[in-house]
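No experiment lies behind these values; they were computed from the predicted model shown. Atoms within each ligand, like the ligands themselves, are counted from 1 in listed order.
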Amino acid sequence: MTRTLARWALRAKRLLHTRDGELTRELARTDGGFGLGQVPTRLQPDATTTMVCGFCSTGCGLDVHLKNAEAVNLTPSKNYPVNLGMACPKGWEALTPLRAPDRATTPLLRNARGELTMVDWPRALETFTSRFKAIQAKYGPESVAFLGTGQIPTEELALLGALAKFGMGMVHGDGNTRQCMATAVVAYKEAFGFDAPPYTYQDFELSDVLVFVGANPCIAHPIMWERVCKNRNKPEIIVLDPRGTETAMAATLHVPLRPKSDLVLLYGVAHLLLRYGLVDRAFIEAHTHGFTEFSAHVTKFTPERVCEAAGIKAEVLERLVRSIGEGKRVSFWWTMGVNQSHEGVRVAQAIIDLALLTGNIGRPGTGANSITGQCNAMGSRLFSNTTNLLGGRDFKNPDHRAHVASVLGMDVARIPDKGSLAYDQIIEGILAGKIKGLWIVATNTAHSWINQADLRDTLKRLDFLVVQDMYTTTETVDFAHLLLPAAGWGEKDGTFINSERRIGLIKKVVRAPGQALADFYVFKAVAEAWGCADLFARWSSPEAVFEIMKELSRGQPCDFSGIEGYAQLDALAGVQWPLPAGQSVGRAEERRLFSDGRFFHSDGRARFVFAEPTPLPEATSARFPLLLLTGRGSSAQWHTQTRTGKSAVLRKLHPSMPYVEVSPVDAKALGIGPTDWVQVRSARGVAEAKAFITHVVQPGQVFMPMHHATTNQLTFAAFDPHSRQPAYKACAVRLERLERGVPGTAS
Ligand code: SF4
């Protein structure tokens with residue numbers, strides 16, 4: 001054991017054997033401490049404090065009420081500019097998952113009999129370090145990779161990315177944001193010159209036409225939908241979705257297009273806008289590039305072709321075009337129905353093209369607006385050091401590497417000169433025997449990744465898998481050699497960046513159980529055990545890292561060097577980037593990008609980007625005649641349900657069993673009754689589910705929520721070629737009624 005490791009072990013042991021009161025003093029003496037049994041340090045014992053919710057990207061403010069320095073309950077914050085006193089069921093129940101009985105409270109190491117057994121932190125860190133170092137020594141530094149998340153604070157993401165790549169010598173690391181937002185990132189970068197969602201939530205209230213493409217905010221972003229409901233303009237609300245979702249039912253116009261005909265339809269809309277002269281030529285001339293080529297491209301997308309491909313009536317197309325072309329303030333919103341597609345980047349860019357074509361950007365109530373998924377997807381996009389170098393920079397650019405090295409006071413040689421493999425390529429790397437060690441942080445890969453059966457086989461091939469998580473019972477922990485117990489939202493400090501670019505605070509309001517540590521202090525401990533802690537001496541606390549991130553953002557489109565610190569974020573109810581040094585902003589102020597018509601490309605112009613539509617990667621066939629759509633089931637469920645599944649209240653708000661929506665036409669043809677169980681079978685696997693016969697889905701299509709682990713045993717592993725985002729939304733399946741109508745009885 002090295003001297004550094006011995007020092008670490010001594011310190012950890014001392015902390016482990018210290019009572020809470022003494023621990024607080026001990027933490028104050030150390031460089032921020034390791035968060036063991038941490039108590040709220042900056043809060044009054046019986047105060048109410050506002051912090052950002054830890055589920056979705058809406059970023060609602062929650063007032064957490066403390067008694068004796070512990071959170072006892074919470075209410076939605078009335079003074080937070082995001083949610084204005086509202087919260088969805090998940091927000092109301094945000095504290096419940098922290099008290100779950102399956103919390104990881106000590107490190108667990110798999111023994112020779114294959115059982116996870118308790119070990120102390122020094123042993124866990126010694127194993128972590130020796131196993132990963134041995135793999136790197138044998139197979140090279142690139143043989144160990146990490147998979148992160150959009151669920152932990154930006155400060156932790158930055159430390160993980162910097163530690164892994166600059167300290168531990170890894171080159172490859174990605175995050176679960178690849179599964180939700182990679183498409184929007186690439187679309188914005190190519191069109192605007194930077195990953196920059198331009199809007200503010202006020203735009204929901206100011207539009208006179210809102211166009212939702214592949215988005216179901218009633219369920220997925222309920223507070224954003226509440227903002228739509230506050231719109232006093234009697235807006236036209238248009239939903240482009242194959243399914244009659246809750247949002248489609250509330251819309252003024254539902255366009256029930258065929259799955260993945262969106263690109264053809266959007267080009268057809270552009271075609272008619274040009275034909276009718278409903279475009280903003282002055283804006284196009286002054287602020288864009290590529291209009292002539294785009295105009296030529298869309299001439300092929302005639303109304304006849306479009307209506308045939310999308311399966312919609314000519315009058316529906318006509319109303320869609322007139323609404324967009326004649327609206328004064330038109331906003332376009334998209335989310336996973338677009339992003340999780342085999343050609344999602346081009347679809348997202350077709351939406352941006354329509355906003356540019358009609359000059360609907362940079363003004364109140366307008367914009368080409370990607371709604372993010374996870375609470376800190378935007379933080380991950382800018383600071384996880386995976387696809388982008390810290391601060392939205394480029395690993396391949398020597399000037400960017402030199403700048404980051406100088407801000408961090410590190411040797412530039414520590415910064416890789418190439419980007420990371422994407423998530424799917426890391427998985428491929430495991431299959432190819434090139435990646436032998438993997439560190440998964442705060443994500444449930446064995447449930448959420450596409451075509452899960454193959455993924456699970458792949459995880460078994462790893463020489464060493466470390467999972468860092470709040471819980472011992474996730475599907476991914478089943479494959480872990482080592483589990484590191486993590487504190488969750490509410491048990492640590494940091495910042496999230498929401499969908500409208502608002503940087504908001506999260507705070508320690510609850511003690512983490514047992515020896516669980518804030519991820520920040522796990523990373524600090526790993527740095528010490530690895531022998532590279534000196535590189536991160538300045539990274540002493542989340543707030544210290546926030547100061548470093550401010551420096552890293554300086555001069556970038558996301559520049560927030562003008563934010564004074566956590567206290568100011570608290571006082572202002574979060575701040576949207578950008579806020580360069582020298583600029584100020586008022587409390588709860590809302591700001592949008594591009595009001596001056598200048599985009600982030602060097603010539604200041606936005607780009608029209610387009611391509612030929614491509615066929616579905618897996619079409620239906622005689623053997624698999626139905627198209628499976630997937631998505632969120634209810635506003636009470638979050639992704640793989642590792643947290644929302646812990647709440648008895650939330651569990652009551654959705655069906656407990658897996659279910660599949662089937663149209664009455666298909667149910668009748670297949671002899672499926674309303675209470676029947678069925679097998680849903682694809683070329684990859686089979687899932688059993690209860691049939692829910694409903695007009696919400698069209699004949700030829702079925703729908704399953706993504707929250708049940710079996711859904712991803714069916715999905716087909718196709719990816720957008722530009723963003724490498726998985727195409728979860730469409731694959732071919734068939735249904736078979738179970739013989740006696742109960743699960744597990746099919747022959
Ligand atoms: Fe939390 Fe999102 Fe619900 Fe708001 S809408 S309370 S951020 S889960």
Side-chain angles (χ1 to χ4, degrees), residues 49-65 71 73-98 149-154 177 180-181 197 200-201 204-205 212 215-230 246-247 333 335-336 369-380 442 488-490 494-507 509 573-574 576 588 631-647 649-651 653-654 705-707:
T49 189
T50 303
M51 56 194 278
V52 175
C53 175
F55 284 106
C56 89
S57 67
T58 307
C60 296
L62 301 174
D63 287 346
V64 180
H65 311 294
N73 56 30
L74 59 80
T75 47
S77 176
K78 291 190 178 131
N79 297 319
Y80 205 73
V82 167
N83 49 318
L84 313 173
M86 301 174 283
C88 82
K90 297 187 293 295
W92 280 99
E93 278 293 284
L95 292 169
T96 304
L98 300 176
T149 181
Q151 294 288 152
I152 63 176
T154 315
T177 35
C180 59
M181 297 317 304
T200 188
Y201 292 158
F204 286 120
E205 298 165 15
F212 291 96
N216 185 12
C218 281
I219 289 298
H221 297 90
I223 302 307
M224 293 194 200
W225 180 252
E226 292 293 335
R227 298 292 296 260
V228 175
C229 295
K230 286 178 178 285
E246 294 79 356
T247 310
W333 308 87
T335 181
M336 299 314 149
N369 305 328
S370 146
I371 302 174
T372 315
Q374 303 180 75
C375 52
N376 199 27
M378 193 76 230
S380 172
W489 169 93
T495 56
F496 289 161
I497 310 178
N498 76 354
S499 271
E500 54 163 3
R501 312 176 319 283
R502 182 174 299 276
I503 304 168
L505 278 178
I506 68 163
K507 301 171 185 175
V509 290
Q576 289 170 292
R632 199 177 296 277
S634 77
S635 61
Q637 290 165 290
W638 183 249
H639 293 178
T640 68
Q641 299 196 95
T642 52
R643 286 185 290 161
T644 51
K646 306 296 189 307
S647 160
V649 173
L650 296 179
R651 286 199 305 272
L653 298 178
H654 57 81
M706 64 179 174
H707 312 293

Requested in this report: Please work out whether the ring planes of Trp638 and Phe55 are parallel, tilted or perpendicular, with thresholds of 30° and 60°.
Outcome: perpendicular
Query raised in the report: Which atom pair, heavy atoms only, marks the closest approach of Ala87 to Leu62?
Result: CB-CD2, 4.2 Å
Report task. Assess the side chains of Asn216 and Glu246: does a donor N or O sit below 3.5 Å from an acceptor N or O? Result -> yes
Requested in this report: Please identify which atoms of ligand 1 are closer than 4.0 Å to at least one heavy atom of Gly91.
Outcome: 6 (S)
Query raised in the report: Among protein heavy atoms, which sits nearest to atom 2 (Fe) of ligand 1, and what does the distance come to when rounded to 0.1 Å?
Result: Cys56 SG, 2.3 Å
Query raised in the report: Would Cys88 count as a contact for atom 3 (Fe) of ligand 1, in the sense that one of its N, O or S atoms lies under 2.8 Å from it?
Result: yes
Query raised in the report: Would one find an N, O or S atom of Cys53, in either backbone or side chain, under 2.8 Å from atom 1 (Fe) of ligand 1?
Result: yes
Query - Side chain proximity check, Pro197 to Glu500, heavy atoms < 4.5 angstrom - result: no
Requested in this report: For atom 4 (Fe) of ligand 1, grab the closest protein heavy atom and report residue, atom and distance to one decimal in Å.
Outcome: Cys60 SG, 2.3 Å
Query raised in the report: Are a donor atom and an acceptor atom from the side chains of Thr75 and His65 found within less than 3.5 Å of each other?
Result: yes
Query - Ligand-side contact atoms (ligand 1) for residue partner Gly59, heavy atom cut-off under 4.0 Å - result: 7 (S)
Report task. Could you list the atoms of ligand 1 found under 4.0 angstrom from a heavy atom of Phe55? Result -> 8 (S)
Requested in this report: Check whether any heavy atom of Asn83 sits under 4.0 Å from an atom of ligand 1.
Outcome: no
Query raised in the report: Can the ring centres of Phe204 and Trp333 be said to be less than 6.0 Å apart?
Result: yes
Report summary line: Looking only at heavy atoms, the pair that brings Thr149 and Gln374 closest together is OG1-OE1, 4.0 Å
Query raised in the report: Quick check: does His221 put an N/O/S atom under 2.8 Å from atom 2 (Fe) of ligand 1?
Result: no
Requested in this report: Below 4.0 angstrom from a heavy atom of Ile223, which ligand 1 atoms are there? Numbered from 1 as shown, please.
Outcome: 4 (Fe), 5 (S)
